[in-house]
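Numbered from 1 within each chain, the chains take letters A, B, ... in sequence-line order.
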Amino acid sequence: MSADPTRPVLDVTGLDVYYRRRHGRLHALRAATLSVAPGETVGVIGETGSGKSTLARAVLGLVRPSAGRIVVAGEDVTGHSARRWRALRRRGVLQYVFQDPLRSLDPDLSVAESLVEPLLIAGRARAEAAERVRAQLARVHLDAALSSRLPGELSGGQRQRVAVARALVTDPELVILDEPVSALDSANRVRALELLKQLRDAGTALLFISHDLGSVAGVADRIAVLYQGEIVEVGPARSIVNKPRHPYTRLLVGSAPTLRSAAADRARRDALRELLHA
Amino acid sequence: MLRRILGLTSGRIAVGILAAVALLAVFGPLLAPQDPLAGSTDILASPSARHLLGTDYLGRDVLSRLLAGSRLSVLGAVQVTLMALVVGVVPGILSVYLGRGFEWVTLRLADTLIALPFLVFAVAVTALLGNGIPQAMFTVGIMVSPLFFRVSRAATLSVARSPYVEAAVISGASIAWIVRRHLWAKVLPPIAIALANTAGVGFVVVSSLTFLGIGVRPPAPTWGGVLASDLGYLSYRPWAPLAPTVLIMATVWACNLLADAVRDVSGEAGRALLHTRTIRGRLAAAGRDA
């Protein structure tokens, strides 16, 4: 997909992000360092407020970092002006899937109109764009008959597939997914995760953000664990799940329901929490 | 959009009336059977074959005055609305996008305009720019623009921070694209409603300024002017205000109706409405066939 197979599609080094608050400021990300290779799927997990979404928004240029460096598809975007960001976005190398598919689709635009939008913004011809949209609908297993529907007339699972299809129409090198499955019921969640695996196999790099280790572990090649704005552990998915090193990761792994006795689980988690806050 | 509006009965009525008003504005002065400015000794006369709507206190033919005055009245109302639209809606939408500085300045300007006494402002503008109908309409347009500013800003704010606009931004959309593709359909209905109100206010204000000597100068006829002079002689001709009132009311009502039709056909609700109508139509057709 990318020109140079060794060049990372995303390279984030020492990223610091502050939010201004009424009283002082909030340190949302501290020296975050992360890279995503072409075709690689990296999961970012952490609890609410750990800085997951901030990381995504900084990479997308929606939040300005106060320190650090972001390189997207070989282009250093750290100091980009609004105009240069727009030029980069129009190339369609970077796309984003929102947490809430209903609110991320314009209620007045049909599925086809929503899907064709990124292509029209990129300046593609209408006929060519419509052709690509049809192909993408098939790729996410949506019936072409749905393309004239409004988002309100679709089920939750269908909406999420439309949102994914919109992110894919421009053939991006990297797709950032912010909690893509947390708004879905368990049957749709499984189908969505299957879809993500297909994407990964097709060579699109994914940055999969979630609070749920379970849904990330099955898809990601590597996992980064965010805790209070810091990336506390990065490693292959398997070793994060089987041999977590940081106490917070161990707590996360320990929080997954097991078949052992609940009392033993709880005692273990309490011990880890104490270690974490010490 | 127009085709969808014409699909509604209310839309057809509104467009029909407004078209008639537009024709009046263009051809009205030519249709006047008598000189609208020529007085006669036959004052405050009842309707007759010679004066279909009677005469006013100077013996001028009321029908001719209404017909001759339609151009000024309609033009005045249109000018007021356009002015308010340009001065109110455009900054209202841009105040969300052009950064904090612009936002602050426009908000304070709107506050100032709301606090400004209308008559003082009107007199000041006339003193500065001289007297004339465009100046008067400019004044009125500026005075009502805060309404448009607030309405369009509120509607824009509610859409601008939504994830689907952010999704467009992430795809590299410009502000113009976002306004055209996402904002317009949501901002238009509330603006259309404010617009219909303002058009109504415009008719009345055109003539109410006359007594200050601003805008329309007395012998020139307007709908509002005819109404005002009729109201002074209610004890002689109690039915007289009816004719100008019907003209003004019909126009304002058509504007309101059009605004409702715009709201009904645009946006999500509009689609749902049309959708039901289509289905109902199909069901009815199926019923006929069976």
Side-chain angles (χ1 to χ4, degrees), chain A residues 53 56-57 59-63 72 82-110 113-124 148-153 159 162-163 166-170 172 174-176 178 183, chain B residues 1 4-5 93-94 96-103 155-192 262-279 282:
Chain A
S53 295
R57 295 178 71 81
V59 170
L60 290 162
L62 300 173
V63 175
V72 175
R83 180 187 294 266
R84 293 186 63 188
W85 259 115
R86 208 146 56 217
L88 172 73
R89 287 168 179 158
R90 284 194 183 164
R91 278 168 39 209
V93 291
L94 181 63
Q95 287 291 0
Y96 185 61
V97 176
F98 286 81
Q99 178 171 5
D100 182 349
L102 180 60
R103 300 208 314 129
S104 73
L105 297 167
D106 189 326
D108 290 327
L109 294 186
S110 70
E113 286 169 324
S114 283
L115 287 182
V116 87
E117 185 176 24
L119 294 170
L120 294 183
I121 291 172
R124 308 287 184 90
S148 61
R149 296 261 191 102
L150 295 178
E153 300 167 345
R159 269 181 222 136
V162 171
R166 178 176 58 187
L168 294 177
V169 279
T170 55
L174 173 67
V175 178
I176 301 175
D178 193 352
Chain B
M1 181 67 135
R4 280 202 255 158
I5 288 172
I93 293 176
L94 290 181
V96 178
Y97 286 106
L98 290 190
R100 296 252 169 112
F102 185 82
E103 189 177 13
T156 308
L157 269 179
S158 71
V159 178
R161 310 259 189 273
S162 67
Y164 57 83
V165 167
E166 210 160 62
V169 169
I170 289 169
S171 295
S174 59
I175 292 175
W177 174 280
I178 289 167
V179 169
R180 224 176 32 233
R181 186 102 170 167
H182 298 287
L183 260 175
W184 199 229
K186 281 93 182 163
V187 179
L188 195 61
I191 290 177
V262 167
R263 185 202 54 206
D264 285 346
V265 297
S266 56
E268 220 177 338
R271 292 220 201 186
L273 185 78
L274 285 178
H275 191 60
T276 355
R277 285 165 57 89
T278 327
I279 288 176
R282 274 190 209 140

- Message: Which atoms of A/R166 are under 4.5 Å from chain B, going by heavy atoms: the side chain, the backbone, both sets, or neither?
- Response: side chain
- Looking only at heavy atoms, which two atoms of B/A167 and A/F98 are closest? And how far apart? CB-CE1, 3.5 Å
- Task: Mind checking side chain to side chain contact (heavy atoms under 4.5 Å, CB included) for B/R161 and listing every partner two or more places apart, or none if nothing turns up?
- Result: B/V96, B/L157
- Query: Does A/R90 reach the main-chain N or O of B/G172 with its side chain, forming a donor-acceptor pair under 3.5 Å?
  - Reply: yes
- Sort B/V159 into side chain, backbone, both or neither according to what part of it lies under 4.5 angstrom from a heavy atom of chain A. neither
- Task: Return the minimal non-hydrogen interatomic distance between A/R86 and B/A173, and the atom names on each side.
- Result: CD-O, 3.6 Å
- Message: What part of A/L105 gets within 4.5 angstrom of chain B, counting heavy atoms only: side chain, backbone, both, or neither?
- Response: backbone
- Query: Below 4.5 Å, heavy atoms only, C-beta onward: do A/L62 and B/I170 meet side chain to side chain?
  - Reply: yes
- Query: What distance separates B/S171 OG from A/L119 CG, expressed to the nearest 0.5 Å?
  - Reply: 9.0 Å
- Sort and list the pairs that fulfil ring pair (Phe, Tyr, Trp, His ring centres under 6.0 Å) and have at least one residue in residues 156-184 of chain B, not counting sequence neighbours. B/Y164-B/H182
- Give the intermediate values and the outcome of side-chain contact (heavy atoms from CB on, under 4.5 Å) for residues A/L120 and B/R181. CA-CA 11 Å; A/L120 294 183; B/R181 186 102 170 167; 4.2 Å; yes
- Could you tell me whether A/R57 and B/E166 make a salt bridge, using a distance below 4.0 angstrom between a side-chain N and a carboxylate O? yes
